[in-house]
Amino acid sequence: MITNEQIRAKLVAAIRNSGLTQTEIAKRVGIIQSSIGQYLSGRAMPAVDTLANLCDVLDLDANDILCIHEYAEPKKTVTVSNSFNNNSGKIDFKA
């Protein structure tokens, strides 16, 4: 199960590794600087729209920040034969 602490830890690391100041990030996201400070200290978590904007500004994959990759099931591959022109094709999809 994904926890808020896991998400916060990834967000904090991304903010610290961005090379931007809290003020710069806040201006680009459209929030006040103290909000960034609260995210870093663990006193608050960003709203969903703010998190999406943080991902955009910091060039982050939201799936990574939300720990989705850690719990995703592997892709399954199905091979499908095509009866047209005796060709066969391979289709990859997530099940």
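Quantities reported herein were computed from a predicted structural model and do not represent experimental measurements.
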* Taking side-chain hydrogen bond (donor to acceptor under 3.5 Å, both in side chains) as the test, write out the residues that go with Asp61, two or more places apart. => His69
Of all residues at least two apart in sequence or in a different chain, which pass the side-chain contact (heavy atoms from CB on, under 4.5 Å) check with [X]?
X	answer
Thr21	Thr23, Glu24
Ala44	Gln38, Tyr39
Asp56	none
Val29	Ile25, Ile31, Thr50, Asn53, Leu54, Val57

* Mind checking whether Arg8 and Leu40 have side chains closer than 4.5 Å, heavy atoms only? ->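 Side chain of Arg8 against side chain of Leu40, heavy atoms only: no contact under 4.5 Å found.
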* Asked: Do the non-hydrogen side-chain atoms of Ile15 and Leu20 ever get within less than 4.5 Å of each other?
  ->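 A side-chain contact is absent here, since even the closest heavy-atom pair is not under 4.5 Å.
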* Are Leu51 and Ile2 connected, step by step, through hydrophobic side chains (Ile, Leu, Val, Met, Phe, Trp, Tyr) whose heavy atoms are closer than 4.5 Å? -> yes
* Is there a path of hydrophobic side-chain contacts, each under 4.5 Å between heavy atoms of I, L, V, M, F, W or Y residues, that connects Val12 with Leu60? ->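 Yes; Leu60 is reachable from Val12 via cluster members.
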* Structure fact -> Cys67 and Ile7 have their tightest heavy-atom pair at SG-N, 4.3 Å
* **For the student: nearest non-hydrogen atoms of Ala62 and Cys55, plus distance** =>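 Closest heavy-atom pair between Ala62 and Cys55: CA-SG, 3.8 Å.
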What's the separation between atom [atom1] in [X] and atom [atom2] in [Y], rounded to the nearest 0.5 Å?
X	Y	atom1	atom2	value
Glu5	Met45	CD	CE	8.5 Å
Leu11	Leu58	CG	CG	7.5 Å
Ser18	Asp59	OG	CG	11.0 Å

